[in-house]
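Positions are given from 1 along the sequence. Note that the structure is a prediction, hence the values are computed from the model and not measured.
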Amino acid sequence: AFPCRVATELGCGIVDNAYVTEGNTYWPCCYPGMTASATVELLQGKTEFSDPYDADFNSGKRLDIMMACYGEGKLGKYLTDADYITVELGMADVVFRANCLADLDAASLSAESVMTFVSEMYNGYQTWLKNYPTLLNYIRDNNEDATVLLVSAFNGYEGVALNEEIFLPI
C-alpha cells in the first residue's frame, strides 16, 4: 500500500476505482500483500493463485475483494489506462511473505521459525524473479507512454539489472 501514501503526499486525488476498507483507501493494485505473482496471474485472467502463499493469503474475503477490484480484466485496464504507475520492488513478495509464514514472534522465536523465514525469503525472491519481468514487460507492451516509478525502501542495486529479461535497470 506504499504507493497510496506516495500518491497522497504528491496531492493526487483518489481515483474512482479506489477500494475503501476498514478506514483505509487503496488505489488499484495497492492492496496490502499484493505480490508480483498474484498480479501476473490476475492479468492472465486466473481466479485462483498457483503460489501456495498467494492462495493461502488471498483466500476467503480477501479473494473476493481481489476479484472484485482486479478480476475480469479490470487490472489490465488499469495498467493500460494509467499515466503513472508505481511498482513495489518485491517487499510483499519477499519480506511480507516471510514474516507471515515464519511467525517471528519474539516470545516464541525458535530455530525452526528462523529457518522458515530464511527459506520463505528465498522462495519469495525466486517467485519474484520469475514474475517481475513479466509484469514490467506487460506494462511496456500495453502502455508504453506510462511513467513507471519503482518503489522501495532503498536502492541497493542502483545501476544493476537483475537479468537480461528485465527491460529496465533497477
Side-chain angles (χ1 to χ4, degrees), residues 1-8 19-71 75 79 85-139 148-166 168-170:
F2 186 74
C4 299
R5 293 182 183 158
V6 171
T8 300
Y19 176 71
V20 179
T21 182
E22 301 169 8
N24 296 310
T25 301
Y26 302 106
W27 286 57
C29 313
C30 292
Y31 201 65
M34 187 84 166
T35 64
S37 60
T39 304
V40 167
E41 288 187 333
L42 286 168
L43 286 171
Q44 294 169 342
K46 295 182 180 176
T47 57
E48 295 179 2
F49 301 111
S50 60
D51 182 271
Y53 165 74
D54 287 328
D56 183 53
F57 188 75
N58 297 308
S59 61
K61 180 182 176 187
R62 236 184 114 81
L63 182 60
D64 293 341
I65 292 168
M66 298 274 287
M67 289 301 132
C69 291
Y70 314 124
L75 178 58
L79 294 177
I85 301 170
T86 56
V87 179
E88 178 187 47
L89 289 175
M91 288 298 289
D93 300 80
V94 180
V95 178
F96 190 80
R97 168 194 182 114
N99 281 334
C100 288
L101 296 175
D103 190 25
L104 292 178
D105 183 342
S108 62
L109 191 62
S110 67
E112 182 180 344
S113 62
V114 172
M115 289 304 297
T116 299
F117 181 81
V118 172
S119 173
E120 287 306 324
M121 292 262 311
Y122 175 80
N123 292 340
Y125 181 68
Q126 293 304 310
T127 302
W128 179 77
L129 279 176
K130 177 180 136 192
N131 290 285
Y132 192 70
T134 304
L135 175 58
L136 290 180
N137 288 332
Y138 179 92
I139 294 169
V148 178
L149 172 66
L150 305 178
V151 180
S152 182
F154 69 95
N155 187 359
Y157 300 103
E158 186 174 352
V160 176
L162 288 178
N163 62 41
E164 61 278 353
E165 292 181 49
I166 295 181
L168 292 174
I170 293 179

Could you measure the distance from the [atom1] atom of [X] to the [atom2] atom of [Y]? Nearest 0.5 Å is fine.
X    : Y    : atom1 : atom2 : value
L43  : T134 : CG    : OG1   : 9.5 Å
Q44  : L75  : CD    : CG    : 11.0 Å
I139 : L79  : CD1   : CG    : 5.0 Å
L135 : T39  : CG    : OG1   : 6.0 Å

Quick one: list whatever passes side chain to side chain contact (heavy atoms under 4.5 Å, CB included) with [X], sequence neighbours left out.
X    : value
N123 : R97, S119, E120
V94  : M121, Y125
M67  : L42, T47, F49, L63
Q126 : Y122, L129

For T35, all residues meeting side chain to side chain donor-acceptor pair (under 3.5 Å), sequence neighbours excluded
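Counting only residues at least two positions away or on another chain, T35 forms a side chain to side chain donor-acceptor pair (under 3.5 Å) with S37, D54.
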Output yes when a side-chain donor or acceptor of D56 lies under 3.5 Å from a complementary backbone atom of P52, and no otherwise.
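Checked: no pair found.
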Tell me whether D93 contacts the main-chain N or O of A36 through its side chain, where contact means a donor paired with an acceptor under 3.5 Å.
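The answer is yes, because a donor-acceptor pair under 3.5 Å joins these two groups.
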